[in-house]
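Chain letters run A, B, ... following the sequence lines, proteins first, then strands; residues in each count from 1. Because the structure is a prediction, the values reported are computed rather than measured.
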Amino acid sequence: MNLTEKIARDIRVVLQTLEYPEVPIVIEIPPEPKLGDRSCTIALALAKPLKRKPRDIAETIAAALPQLENGYRVEIASPGFLNFFFSDEIYHALLKEALDIGAEYGSSQLGLGEKRLFEYVSANPTGPMNIVSARAAAIGDSLVKLQRKAGFDAYSEFYVNDTGKQVKLLGESVRARAAEVQGGIAEIPEGGYHGDYIIDLATAALAEMGDQVKVISDEELGRWSADKIMATQRTILQEYGVEFDRWYRESELYDAKMPQKTLEKLRSAGHIYEEDGATYFRSSDFGDDEDRVVVTSDGRPTYYLPDIAYHLDKAERGFKKAIDLLGPDHHGHGKRMQAAMRALALGDDFLEIIIVQQVNLMRAGIPVRMSKRAGEIVSMKELLDEVGADAAKQIFLSRRWSSHLDFDIEAAKDRSERSPVFYLQYAHARICSIFCKADGRAYNTDHLNRINTEEERNLLRSLSIFPDVVASAAMQYAPNRVNSYLNELATVFSQFYHHCRVITEDDGLTSARLAMCRAVQIVLKEGLRLLGMSAPEKM
RNA sequence: GCGCCCGUAGCUCAACGGAUAGAGCAUCGGCCUUCUAAGCCGAGGGUUCCGGGUUCGAGCCCCGGCGGGCGUACCA
């Protein structure tokens, strides 16, 4: 039962009966409980086409709605809002349902089982992951969970660029450091990697391969190093609580000759030409600013070709939509990929690009200067070790992905005792504690009529909103809405907690209030799960 | 130059095109003999960068500025 849909259905029927023009029906949550449990602005939207006053239209619609028999009453507020107030019976039924289905509460079939693939992080295996990766990981992971809850068949992938020029450079850098470890001088190549982790890799390579390090090719050494880095990335992400359904290696594409096949496909469609010895894709025919090289004049494919192949493969594996989370430094890439998708006739809405904006790392208000060249970066691992996964995720997931956010390490740590994530977890732990204190007294729904304070009613209202929040967060890729909602729920619960004693001599009232607590516990736990955060039972 | 993103309270950020623009932090003042005070109650704090436009209604959409960030490779 979805209360919002119920109202939308009733309004739709009324609009048809009255033969009003078809306009989208939008149901909202009023800004405060006094204004009702749900509201609709349909009368405002109909004012123009009907050439009548919004208030008159609202009254006509209200009169035609099956209010009492469907468990609500309607008030009209200026300039023409239809405000819906649910009956106690409706709320009690909803509470019973939530208790009955538990963690399934809030799930829906909006996605109709559509197969979707989320690709995120996809950090190059040439160095430590940075803070933007941590942000993307938190968002991507939550999006997949949200979309699954909303009925999509959603999956996650981490694409690994384990071939190409950068990997060769990685190999050269490691070789240089290996020479240094053995007492020589490190001659790190132009554009190579300087970080200390290269020394660690060199040491590990020497330990594992001995003098073989000197004779294998740059590519082989680079590939070996990339594998090590990739394994580390996987471990760090696991500790962060983010697991991928698949790590898809660029080299797998080559093994399956997919870049070549993709090139031929584009060529036979007439989108490929040669110039100055290089092979170009005519991407400007499909919205790109200029044509792009897909094979260089010395015969190497650029990153672009296998990436097109990868996306073609996503479509061929049956995904109806591919959603890529990209860093701000790759936003130019989006246009190119869209151009390729069009050239391959995959449709304009197959690929959706989400640019996860940058993170300005601060420490006590002072920007932390990050220089990749000098290897002076705060890695994702260092960040997580310092502030903790839950606190970091909370910061990332309380903002829209499009916001350029300031992440203050000291603030994240200093406030850790009173941080927003603790507020949510505390509410959950507090409920667990109540059930401990209840000492075997169970909740039940036989005495819900004992629920009648303002705080209790606000709590029911908040609980009823959860399915709407999940749906909108999933459809609009907005995990931050779940975070906002959970904060609101925790606040309303705290108010309830302070005004309504749960465990009393009154068995009927106790059982009803325990039922409320259980429902809040279910939603808090499920909400935290959707955000990838833990829900401790004790704090 | 061109392209993308951002500009909201002292700070960090919210706000499906809707009602009096909200939270947290910070500041100030109350509340622990009662289920977790990591909490609750209250106060102060705003020209939503500026100027036009669309709309019954704009922080949100469109145009033009200003400011900041990023991108503009035969790197990824």
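- For A:Pro420, the side-chain contact (heavy atoms from CB on, under 4.5 Å) partners are A:Gln394, not counting sequence neighbours.
- Across the protein-nucleic acid pair, A:Arg292 atom CZ and B:A76 atom P stand 13 Å apart, rounded to whole Å.
- Geometric assessment of A:Arg342 against the ring of A:Phe286 yields a negative cation-pi assignment under the 6.0 Å and 45° thresholds.
- With distances taken from any side-chain atom of A:Arg399 to the nucleotides B:A14, B:C40, B:A38, the minimum falls on B:A14.
- A:Tyr310 has no side-chain polar atom (N or O) that falls below the 4.0 Å cut-off from OP1 or OP2 of B:A76.
- With B:G39, B:U55, B:G69 as the choices, the nucleotide that has an atom nearest any side-chain atom of A:Gln358 turns out to be B:G69.
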Short N/O separations, protein against nucleotides 6-9 of chain B, under 3.5 angstrom:
| unit_1 | atom_1 | unit_2 | atom_2 | d |
| --- | --- | --- | --- | --- |
| B:C6 | O4' | A:His404 | NE2 | 3.4 |

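- Residue A:Val26 is the one, among A:Val26 and A:Asn124, whose nearest nucleotide of RNA chain B lies closer to the 5' end (criterion: closest heavy atom).
- With sequence neighbours left out, A:His333 forms a ring-ring contact (aromatic ring centres under 6.0 Å, His included) with A:Tyr303.
- For A:Asn161, counting side-chain heavy atoms from C-beta on, the closest listed nucleotide (B:U36, B:A76, B:C70) is B:A76.
- Closest approach to the A:Gln495 side chain among B:U36, B:A76, B:C40 is made by B:C40 (side chain taken as heavy atoms from C-beta onward).
- A:Tyr280 pairs by the ring-ring contact (aromatic ring centres under 6.0 Å, His included) definition with A:Tyr273, not counting sequence neighbours.
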Quiz item: How does protein contact run along nucleotides 18-32 of chain B, one letter per nucleotide 5' to 3', with B for base contact, S for sugar-phosphate only, - for none, heavy atoms under 4.0 Å?
Solution: BBB----SS------

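- In this structure, A:Arg300 has no side chain to side chain donor-acceptor pair (under 3.5 Å) partners at least two apart in sequence or on a different chain.
- A gap of 9 Å separates the C1' atoms of B:G44 and B:U27, to the nearest Å.
- Not a single ring-ring contact (aromatic ring centres under 6.0 Å, His included) links A:Tyr497 to another residue, sequence neighbours left out.
- Remark: A:Val502, A:Ile503 in residues 502-515 of chain A come within less than 4.0 Å of RNA chain B through at least one heavy atom.
- An OP1 or OP2 oxygen of B:U36 is reached within less than 4.0 angstrom by a side-chain nitrogen or oxygen of A:Ser433.
- Phosphate proximity of B:U36 to A:Lys437: present, with a side-chain N or O under 4.0 Å from OP1 or OP2.
- A:Arg400 meets the side chain to side chain donor-acceptor pair (under 3.5 Å) test with no other residue; sequence neighbours excluded.
- A:Asn483 has no side-chain polar atom (N or O) that falls below the 4.0 Å cut-off from OP1 or OP2 of B:C13.
- Atom-to-atom distance recorded for A:Thr60:OG1 and A:Arg55:CZ is 12.0 Å, nearest 0.5 angstrom.
- At a cut-off of 3.5 angstrom, the base of B:A76 holds at least one donor-acceptor pair with the side chain of A:Tyr303.
- In this structure, A:Lys335 and A:Ser419 both approach RNA chain B, and ranking their closest nucleotides by distance from the 5' end singles out A:Lys335.
- Every residue two or more places apart in sequence or in another chain was checked for a side chain to side chain donor-acceptor pair (under 3.5 Å) with A:Asn83, and none qualifies.
- Ranking B:C56, B:G39, B:U34 by closeness to the A:Arg501 side chain, first place goes to B:U34.
- If you check distances only, the side chain of A:His331 does reach the base of B:G3 with a donor-acceptor pair under 3.5 Å.
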Under 3.5 Å, which donor-acceptor pairs link side chains of residues 487-495 of chain A to any protein atom two or more places apart or in another chain?
| unit_1 | atom_1 | unit_2 | atom_2 | d |
| --- | --- | --- | --- | --- |
| A:Asn487 | ND2 | A:Asn483 | O | 3.1 |
| A:Thr491 | OG1 | A:Tyr423 | OH | 3.1 |
| A:Thr491 | OG1 | A:Asn487 | O | 2.8 |
| A:Ser494 | OG | A:Ala490 | O | 3.0 |

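- One finds a salt bridge joining A:Arg38 and A:Asp468 here, because a Lys/Arg side-chain nitrogen approaches an Asp/Glu carboxylate oxygen to under 4.0 Å.
- Between the side chain of A:Ser398 and the base of B:C13, no donor-acceptor pair under 3.5 Å is found.
- Shown here are the side chain to side chain donor-acceptor pair (under 3.5 Å) partners of A:Thr279, two or more places apart in sequence or in another chain: A:Glu274.
- Comparing B:C35, B:C74, B:C70 against the side chain of A:Tyr280 picks out B:C74 as the nearest.
- Between B:A76, B:C56, B:A15, one nucleotide has an atom nearer to the side chain of A:Thr302 than all others, and that is B:A76.
- Syn is the classification of B:C32, since its glycosidic angle stays within 90° of 0.
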